[in-house]
Amino acid sequence: MERSNREYTIGRVEDFMLQIGRVIHAGDVELAIFRTSDGAVYAVRNHSPHPKGGPLAEGIVSGYYLYDPLHDWKIDLRTGEVQAPDRGQAEVYPVTVEGGVVKVTLPAAVTNLN
Amino acid sequence: MAAEREKLVLIGNGMAGVGTIEQILKLGGAYDITVFGSEPHPNYNRIMLSYVLEGSKTIEDIILNDLGWYEDNHITLHTGTTVTRIDEQNKLILTDNGLAVPYDKAIIATGSNSFILPVPGSTKDGVVGFRDIADCDAMLAAAKQYRTAAVIGGGLLGLEAAKGLVNLGMDVTVVHLLEDLMERQLDRTASSMLQAELTRQGVKFAMGKQTVELTGEERVTGLRFSDGSELPAEFVVMAVGIKPNVQLAKDSGITVNRGIVVDDYMQTSMADVYSVGECTEHRGTCYGLVAPLFEQGMVLAKHLSGSQTPGYEGSVVATKLKISGVDVFSAGEFTETPEHTVISAKDEWKRTYKKILLKDNVIVGAVLFGDVTESANLQKLVKNSTEMTNEIYDEVMGTSCCGGGGAKKGMSVEAMADEEIVCGCNGVTKKAIVDAVTENGFTTVDEIKACTGATRSCGGCKPVVEQILQFVLGDSFQQSAKQGICSCTPLSRDEIVAEITAKGLRTTKEVMHVLDWKQAEGCSKCRPAVNYYLGMIYPDTHEDEKESRFVNERMSANIQKDGTYTVIPRMYGGVTTPEDLKRIADVSLKYDVKVVKVTGGQRLDLIGVKKEDVPKVWEELDMPSGYGYAKSLRTVKTCVGSQFCRFGTQDSMGMGAMLERKYERLDMPAKFKMAVNGCPRNCAESCTKDIGIVGNDGGWEVFIGGNGGIKPRIADAFCKVKTDEELVEVCSAVIQYYRETGNYLERTSEWVERMGLEHIQTVVMGNDDNRKELAARIDFALAQVRDPWRKMLDDKNTRTALFEETQV
Ligand SMILES: Cc1cc2nc3c(=O)[nH]c(=O)nc-3n(C[C@H](O)[C@H](O)[C@H](O)COP(=O)(O)OP(=O)(O)OC[C@H]3O[C@@H](n4cnc5c(N)ncnc54)[C@H](O)[C@@H]3O)c2cc1C
Ligand code: SF4
Ligand code: FES
């Protein structure tokens with residue numbers, strides 16, 4: 001199981017502006033990458049859990065929260081959980097930063113999600 | 001795996017049934033749950049269909065529990081499946097598509113059907129009820145195709161349907177059997193006030209008319225009444241009442257009267273089968289509103305989860321009409337009989353009416369029109385059969401002298417049972433609200449809304465939620481309940497602006513830090529607002545914060561629902577050239593633009609540009625950005641004017657283009673639109689613009705505060721000026737004053753009403769120095785603005801970060 005996960009190198013930390021999302025296609029998956037004001041990097045599938053969908057990359061970032069640009073849902077970047085009163089779950093993926101290089105790990109099943 | 005759980009089957013995927021399931025889940029009831037629903041949708045808020053029809057909500061907005069919710073809670077859902085029988089012998093639920101699902105416990109919550117008048121012609125095309133999404137869709141479709149509609153029934157549903165159809169542009173007549181609207185909730189006085197108000201809003205009425213036939217061949221063409229008269233109608237909505245949907249219960253051998261007969265624990269005559277909602281009859285009453293259904297559901301949920309609960313004893317119902325600008329409320333008894341003592345107050349000037357009925361000095365009913373602030377309080381008094389006292393009289397009739405009211409209001413919520421439902425739409429109890437306040441330290445209605453969902457739908461419960469908040473917080477309420485610009489801060493716009501200036505704060509971060517924001521980096525509401533205030537206060541030094549901008553402004557293009565963008569090149573005054581048109585056409589072809597559309601403001605929308613193409617499109621167009629996305633000057637609409645029009649006395653095209661060039665790009669509290677006309681024929685429609693200008697023989701007339709959007713408003717005449725220079729100076733001063741005093745996102749239509757037209761006139765016209773200073777300040781700010789696309793094209797890093805997508 002573990003072994004079939006795939007790691008993607010998506011760039012260097014400085015490629016990602018603070019609090020401004022960016023779209024990266026890793027394999028078949030469209031990711032929205034965010035760097036919070038404390039410098040941490042988060043990866044979310046670039047697809048809103050709102051029933052009408054839409055992208056996430058252009059949302060406003062505040063602390064560890066992302067405000068969905070089309071529907072204003074508040075999403076926790078760490079867990080993907082949509083905050084009350086709305087309900088839902090955005091798909092988040094683990095990110096590692098080593099020596100300034102940012103990597104995202106996608107589970108095997110996800111690579112053909114989109 | 002855990003031990004086998006009992007199987008619970010819910011029949012009817014509506015508000016009452018799913019409300020019960022939600023309560024069972026909350027109480028930790030251990031069941032394997034299966035839900036059947038005839039409609040193809042997940043559970044939605046039926047109440048809000050009125051808003052869908054009116055256009056302020058979409059179907060997606062009113063979904064209560066999406067498919068994910070059923071999955072998350074391990075509920076098996078069968079939509080589009082109708083249950084046909086309950087087989088008591090074998091304990092099976094049988095459906096129209098051949099399923100046979102075993103149950104240990106079953107709940108019937110099949111709701112009602114629209115009652116369709118049994119008159120000839122009622123099955124013709126173009127005749128619908130108002131009950132579900134399909135009906136709502138039929139009405140939306142009809143409004144696109146037809147002009148005239150009749151709504152039969154002047155009750156809550158009929159009136160909401162009628163207003164919705166009027167909003168959709170139809171010519172609507174409400175046909176009512178009696179002389180009084182909503183006669184089951186309102187007395188004659190309130191009902192005639194309601195009719196007058198709705199007439200003002202464009203609804204027509206045919207009162208005292210009994211429909212005996214619907215005319216037409218395949219499709220309906222009109223109504224014939226018992227008095228022989230006729231009313232043409234291409235579309236008919238029947239909203240004469242509802243019929244409890246008892247077919248399934250009947251076919252299964254369950255005792256049915258008007259509704260499915262249940263006891264105080266919602267138990268039907270069949271063992272292990274319960275029923276809640278509009279399909280039931282409890283102590284002889286069938287209810288048609290959600291609050292009682294949630295109360296029933298709560299009792300049943302407890303019963304099924306094994307917790308002790310007193311039985312359901314029936315509900316006092318209260319009604320509120322969901323039509324904007326029409327506030328009516330009624331609770332309990334409202335028709336006077338000799339037994340009643342009546343307290344009433346009618347104010348024809350303010351168009352308000354209040355009536356309270358007493359029986360043996362006990363408050364048994366109330367009707368309010370126009371001002372419904374006391375509705376929550378009265379509902380409670382009626383419900384608790386409270387005795388009238390001097391204090392209560394003063395409180396509810398608003399005659400008490402200064403102060404004291406607050407404490408007393410607290411009393412009525414204090415007496416309220418924990419399990420009583422405060423928000424009927426969302427099934428939120430008093431206890432849930434009290435817990436939200438005490439456990440999370442909430443102090444505002446907004447926070448309670450975010451946590452519990454209370455006040456989220458019709459808003460009718462807001463006064464009670466406020467009272468509970470006040471009651472729980474006690475003395476700390478006054479100070480903490482002050483509403484800030486969002487839930488991050490208790491400070492108002494004016495206070496924030498004052499603090500920024502006084503303390504010399506320079507960035508949103510600093511503002512939020514120094515002013516003690518609850519969420520350190522703010523939210524999607526306050527960040528853009530504070531960024532705007534900073535830019536307005538420090539036009540030359542404030543570094544605009546892209547990360548605090550709403551997507552459209554950050555990208556300088558309009559995002560569409562599929563994530564593509566719309567690009568709108570500037571065309572000053574709505575005038576373009578063949579060369580520019582050719583370029584626009586070439587670029588549109590090259591980048592495969594989906595649609596080219598003329599906008600309401602006389603510009604061209606290039607819709608459906610892929611995100612990564614947006615910078616290239618701008619580069620190749622090589623035209624200034626048209627700011628169709630911005631909170632700033634959108635367009636200056638112009639007519640033909642003196643250059644070509646035979647009536648024109650002023651050069652509207654020239655003036656419009658000049659004004660657009662002058663004010664473009666500058667941030668404002670909200671979007672801003674202007675129009676310039678060459679003569680009083682007003683072909684460019686000045687009356688719905690933030691600033692509308694009309695040329696006349698000796699100069700110009702200026703109008704302000706018009707709006708054609710969600711809250712239409714006709715502009716107010718502001719002043720007349722003789723020369724072009726004066727015109728520009730007045731425009732500058734008005735715009736700058738709006739920039740300096742407007743709340744973020746506040747349109748001038750709201751701003752003019754809040755500040756008062758006369759006040760703005762005094763500031764701008766009353767004093768020449770003032771006007772010149774305002775104009776000078778805007779000129780200074782204007783000198784700082786840059787074309788975002790020039791900037792973006794020169795700044796490769798930002799461009800890459802914002803628009804480019806990388807494949808790894
Ligand atoms: C336009 C509109 C506006 C309203 N406004 C208000 C308001 O402002 N305030 C208020 O309090 N109330 C309002 N109401 C009334 C309120 O919506 C109802 O009281 C409430 O929805 C009833 O809930 P229920 O669960 O009993 O029935 P429903 O919500 O109707 O649910 C019943 C469900 O069962 C399904 N069903 C029926 N038979 C079967 C079967 N045999 N097998 C499977 N599924 C079946 C139906 O398809 C339906 O989806 C309004 C209603 C309408 C239509
Ligand atoms: S407003 Fe007057 S000048 Fe302008 S187009 Fe109409 S008629 Fe001609
Ligand atoms: S009662 Fe309708 S929102 Fe609370």
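Order of the sequence lines sets the chain letters (A, B, ...), proteins ahead of strands, with each chain counted from 1.
- Contact of A:Pro55 with chain B is made through the side chain alone, with heavy-atom distances under 4.5 Å.
- Heavy-atom distances place the backbone of B:Ser548, and not its side chain, under 4.5 Å from chain A.
- Contacts between B:Ala520 and chain A at a heavy-atom distance below 4.5 Å are absent for every atom of the residue.
- A:Ile24 touches chain B through backbone and side chain together, each having a heavy atom under 4.5 Å away.
- Side chain of B:Asp446 to backbone of B:Ser487: no donor-acceptor contact under 3.5 angstrom is found.
- When each of A:Gln19, A:Met17, A:His71 is scored by its heavy-atom pairs under 4.5 Å with chain B, the top score falls to A:Gln19.
- Contact count against chain A (heavy-atom pairs under 4.5 Å) is highest for B:Cys523 among B:Cys451, B:Gly563, B:Cys523.
- By the neighbour-count criterion of 12 heavy atoms within 6.0 Å, atom CD of A:Glu7 is densely surrounded, having more than that number from other residues, nucleotides or ligands.
- Aromatic pair B:Trp69/B:Tyr44: ring centres not closer than 6.0 Å.
- At a 4.5 Å heavy-atom cutoff, the contact between B:Lys449 and chain A is made by backbone atoms alone.
- No salt bridge links A:Glu98 with A:Lys103; every basic N to acidic carboxylate O contact stays at or beyond 4.0 Å.
- Across B:Arg549, B:Glu547, B:Lys509, B:Lys546, the residue that shares the most heavy-atom pairs under 4.5 angstrom with chain A is B:Glu547.
- A salt bridge links A:Asp72 and B:Lys525; the closest N-O separation between the charged side-chain nitrogens and carboxylate oxygens is under 4.0 Å.
- The greatest number of non-hydrogen atom pairs below 4.5 Å with chain B, out of A:Gly59, A:Ser37, A:Gly54, is found for A:Ser37.
- Among B:Glu60, B:Arg554, B:Lys561, the residue with the largest count of heavy-atom pairs under 4.5 Å with chain A is B:Arg554.
- Looking at B:Gln807, both its backbone and its side chain come within 4.5 Å of chain A, counting heavy atoms on both sides.
- The contact between B:Leu802 and chain A is made entirely by side chain atoms (from C-beta outward), counting heavy-atom distances below 4.5 Å.
- For the pair A:Lys74 and A:Tyr65, the distance from NZ or CZ to the six-membered ring centre is under 6.0 Å and the angle to the ring normal is within 45 degrees.
- Around NZ of A:Lys52, the count of heavy atoms belonging to other residues, nucleotides or ligands within 6.0 Å exceeds 12.
- Taking the charged nitrogens against the carboxylate oxygens, B:Lys431 and B:Asp435 do have a contact shorter than 4.0 Å, which makes a salt bridge.
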